[in-house]
**Q** 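Please see the structure below; I have some questions.
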There are 2 protein chains.
Amino acid sequence: MTTENFGHPYAVLRPVRLGNAFEETIERLLQAITVGLFPPGQKLPSERDLAGHLGVSRATLREALSELQKAGYLEVRRGRYGGTYLLQNAGVASDGAAHIDPEERWDVLVFRGVIEPAAAELAAEADLPASARQHLQTCLTDLLEADHATYRTRDARFHIAVAELTSCPSLITAVTENRARVSALLDEIPLLTANLEHSNQQHLAITEAILRGDAAGARALMIDHLEGTAALLRGFLH
Amino acid sequence: MTTENFGHPYAVLRPVRLGNAFEETIERLLQAITVGLFPPGQKLPSERDLAGHLGVSRATLREALSELQKAGYLEVRRGRYGGTYLLQNAGVASDGAAHIDPEERWDVLVFRGVIEPAAAELAAEADLPASARQHLQTCLTDLLEADHATYRTRDARFHIAVAELTSCPSLITAVTENRARVSALLDEIPLLTANLEHSNQQHLAITEAILRGDAAGARALMIDHLEGTAALLRGFLH
DNA sequence: CTCCAAAGGACTAGTTTCAGTCCATGTCGC
DNA sequence: GCGACATGGACTGAAACTAGTCCTTTGGAG
């Protein structure tokens, strides 16, 4: 880390393409799934719709969907009012122990510490319409009711909901992508009931701070909350 | 903005491809240029090298370079010790008045207000090696010596240098991309000597705070600094 | 003076991706 | 029942993109 090449232009000159369109499409869909943006058991948008939004041809999208289907994430029903459905126990056979490299881990956590507290602060400062308040409340309730199987996904969903309240697309995107990476990290450590309950108290407190417009409080609470997970990760991964 | 669709999965399902590889490659190179990562008058990395880093075939890269050459950004010399050179007065004939939409403007500025103060804070907290301190100092000196023609580029370069000190790739990338967008905004308003001098005082103060390890100070100074430009933009654009 | 090496220039064959078109299925409203 | 129609399924020809190869230029080392 100390041998870094400062001023090196390759920081921006990162790959234009992370893989072929097919691979990136799978990646995106998986991201949306792990982050809870597609509620389990529900129908995904139509192929034509998805392809349009992902900026990819339907052929490519279908290749990706077919792969996810083979991997046990999706179920497809034909005919009118048919569609692609996200299975409840999607991707149970996840590979596990992907073993994320320490630099990557550090990067994810530092960046999260930058954007999430800011998101909470901005959310609290914003003049939130009723629909926004309702959305946050719903995500919180879902999270509080979650069991071990659904917790991680709903946790991600809640944090993204906070970012959504800022109405800042760049920030929402940053939080979403970061959350997908955090989820991959968390998959490496066990889920303990004690931590879970403590986290949920924090989720509740953050929500209240945001809804009451307490920006400084929301920020501070979010920092605390993130520190908890970070410490947990440090503890479990040497 | 109040009619936002909260919880809509399309926030992550943004396009996998923003354009074809050729267009995206131009975009990237242009970004690196406007943000001062390729010093004017100097040689760019070789085509084979650039193509590799951008994850694009040399044919595609060459198309992009040829376009930038036609647009007056680059000069190409053949033979050994030849290469692609960035012209001093690159892209003078920039289209101007691209007229960025207000939502985009707001997004850029809000996001900047999130990531840049955090970058300054983290930079000040970091245990900086001599090379890092030197790099920041160099970028600052270049900026203080800049004239009207070179100011914007070196300004961007300085802000990216601050982010580089954090050694957090996600943050560096975020700041770099954001800066490219900020530059597009600034191109719409005039450069006033008074503002420029005031900005440079702030740049100096930020540098000092970082080098002395004053995290809170660096953060506060950066917030002040950004507020200045934001106010300027608000003033000039209705 | 000669040759080498590092750079840009140009071509080719193969693969991926796309846009468009038509087919197949099956639920809902009549 | 029965037909309309939104959905998934399948195919085709064209365009974009790639990897690989070889050519051309030109400054410096020997």
Side-chain angles (χ1 to χ4, degrees), chain A residues 9-10 13-29 32-33 38 41-87 90, chain B residues 9-10 13-29 33 38-39 41-87 90:
Chain A
Y10 295 128
L13 297 185
R14 66 190 191 298
V16 165
R17 298 278 188 263
L18 271 60
N20 53 39
F22 157 68
E23 287 167 342
E24 281 193 70
T25 303
I26 289 191
E27 188 65 30
R28 276 297 168 76
L29 292 171
I33 291 171
F38 291 143
Q42 271 193 242
K43 190 166 81 168
L44 269 55
S46 75
E47 292 182 353
R48 288 165 175 88
D49 200 7
L50 272 178
H53 280 279
L54 289 170
V56 117
S57 74
R58 194 153 79 98
T60 304
L61 175 77
R62 278 173 54 75
E63 267 188 279
L65 286 179
S66 139
E67 208 60 36
L68 289 176
Q69 193 183 4
K70 270 188 261 175
Y73 286 92
L74 306 174
E75 183 200 356
V76 178
R77 298 185 212 144
R78 297 189 63 173
R80 172 140 197 198
Y81 293 81
T84 310
Y85 289 76
L86 179 59
L87 291 175
Chain B
Y10 295 128
L13 298 185
R14 68 190 187 298
V16 165
R17 298 280 188 260
L18 272 59
N20 53 38
F22 157 68
E23 287 167 343
E24 279 193 71
T25 303
I26 289 192
E27 188 65 30
R28 278 294 168 77
L29 292 171
I33 292 170
F38 291 143
Q42 271 192 239
K43 191 166 81 167
L44 268 56
S46 75
E47 292 182 352
R48 287 167 176 87
D49 201 7
L50 274 178
H53 280 280
L54 289 170
V56 117
S57 75
R58 193 152 79 94
T60 303
L61 175 77
R62 277 173 55 73
E63 267 189 281
L65 287 178
S66 140
E67 208 59 36
L68 290 176
Q69 193 182 2
K70 270 188 260 175
Y73 287 92
L74 306 173
E75 182 200 356
V76 178
R77 297 184 212 146
R78 296 188 65 174
R80 176 140 196 200
Y81 294 79
T84 311
Y85 289 76
L86 180 57
L87 291 175

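Residue numbers start from 1 in every chain, and the chains themselves are labelled A, B, ... in the order their sequence lines are given, proteins ahead of strands.
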**Q** Among Leu86(A), Leu74(A), Thr84(A), which residue satisfies the side chain to side chain contact (heavy atoms under 4.5 Å, CB included) criterion with Leu68(A)?
**A**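 When side chain to side chain contact (heavy atoms under 4.5 Å, CB included) is applied between Leu68(A) and each of Leu86(A), Leu74(A), Thr84(A), only Leu74(A) qualifies.
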**Q** In whole angstroms, how far is the P atom of dC5(D) from the CD atom of Glu47(A)?
**A**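 My rounded result for the distance is 21 Å.
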**Q** Judged by atom type as modelled, is there a donor-acceptor pair below 3.5 Å linking the side chain of Arg28(B) to the main-chain atoms of Arg14(A)?
**A**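 Here the side-chain-to-backbone pair exists.
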**Q** Counting neighbours of CD on Glu27(A) that are heavy atoms of other residues, nucleotides or ligands and sit closer than 6.0 Å, is the number greater than 12?
**A**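 Not more than 12 within 6.0 Å, no.
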**Q** Side-chain atoms of residues 16-23 of chain B: list all donor-acceptor pairs with protein atoms under 3.5 Å, sequence neighbours left out, distances to 0.1 Å.
**A**
| from | atom 1 | to | atom 2 | distance (Å) |
| --- | --- | --- | --- | --- |
| Arg17(B) | NH1 | Glu24(A) | OE2 | 2.6 |
| Arg17(B) | NH2 | Gly19(A) | O | 3.4 |
| Asn20(B) | OD1 | Phe22(B) | N | 3.4 |
| Asn20(B) | OD1 | Glu23(B) | N | 2.8 |
| Glu23(B) | OE1 | Asn20(B) | N | 3.2 |

**Q** Could you state the CD-P distance from Gln69(B) to dG8(C), rounded to the nearest angstrom?
**A**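 The answer, rounded to whole Å, is 11 Å.
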**Q** Give one of base, sugar-phosphate or nothing for Ala59(B), where a contact means two heavy atoms less than 4.0 Å apart.
**A**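 Since a base atom lies under 4.0 Å of Ala59(B), the category is base.
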**Q** Closest-nucleotide mapping onto DNA chain D: is Gly83(A) or Phe22(B) further toward the 5' terminus? I mean the 5' end.
**A**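 Its nucleotide being nearer the 5' end, the pick is Gly83(A).
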**Q** Taking only the side-chain nitrogens and oxygens of Arg58(A), find out if one of them lies under 4.0 Å from OP1 or OP2 of dC18(C).
**A**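 Arg58(A) to dC18(C) OP1/OP2: no side-chain N or O under 4.0 Å.
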**Q** Check the phosphate of dA6(D) against Ser46(A), side-chain N and O only, distance under 4.0 Å to OP1 or OP2. Yes or no?
**A**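 Negative; the distance criterion is not met.
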**Q** Specify the separation, in whole Å, of atom CZ of Arg48(B) and atom C1' of dC22(D).
**A**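 So the two atoms are 11 Å apart, to the nearest Å.
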**Q** Tell me the interatomic distance from Ile26(B), atom CD1, to dA16(D), atom P, rounded to whole angstroms.
**A**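 For the pair Ile26(B) CD1 and dA16(D) P, the rounded distance is 14 Å.
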**Q** Specify the separation, in whole Å, of atom CZ of Arg62(A) and atom P of dC22(C).
**A**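 Rounded to whole Å, this separation is 18 Å.
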**Q** Give a yes/no answer on whether the side chain of Arg80(B) brings an N or O atom under 4.0 Å of OP1 or OP2 in dT25(D).
**A**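 Result: no.
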**Q** Nearest whole Å is fine: how far is dG8(C) P from Glu75(B) CD?
**A**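 It works out to 13 Å between those atoms.
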**Q** What about Arg78(B): does its side chain form a donor-acceptor pair under 3.5 Å with the base of dT24(D)?
**A**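 A donor-acceptor contact between them is present.
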**Q** Once you round it to whole Å, what is the distance between C1' of dT15(C) and CG of Asn20(A)?
**A**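 Taking atom C1' of dT15(C) as the reference, CG of Asn20(A) is at 11 Å.
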**Q** Between Glu23(B) (CD) and dA16(D) (C1'), how many Å, whole number?
**A**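 The distance from CD of Glu23(B) to C1' of dA16(D) comes to 11 Å, rounded to the nearest Å.
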**Q** Please check the phosphate of dG8(D) (OP1 and OP2 only) for any side-chain N or O of Thr84(A) closer than 4.0 Å.
**A**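 Answer yes for this pair, as a side-chain N or O of Thr84(A) is under 4.0 Å from OP1 or OP2.
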**Q** Can you tell me how far the OH atom of Tyr81(A) sits from the NZ atom of Lys43(A), to the nearest 0.5 Å?
**A**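 Rounded to the nearest 0.5 Å, the OH-NZ separation comes to 8.5 Å.
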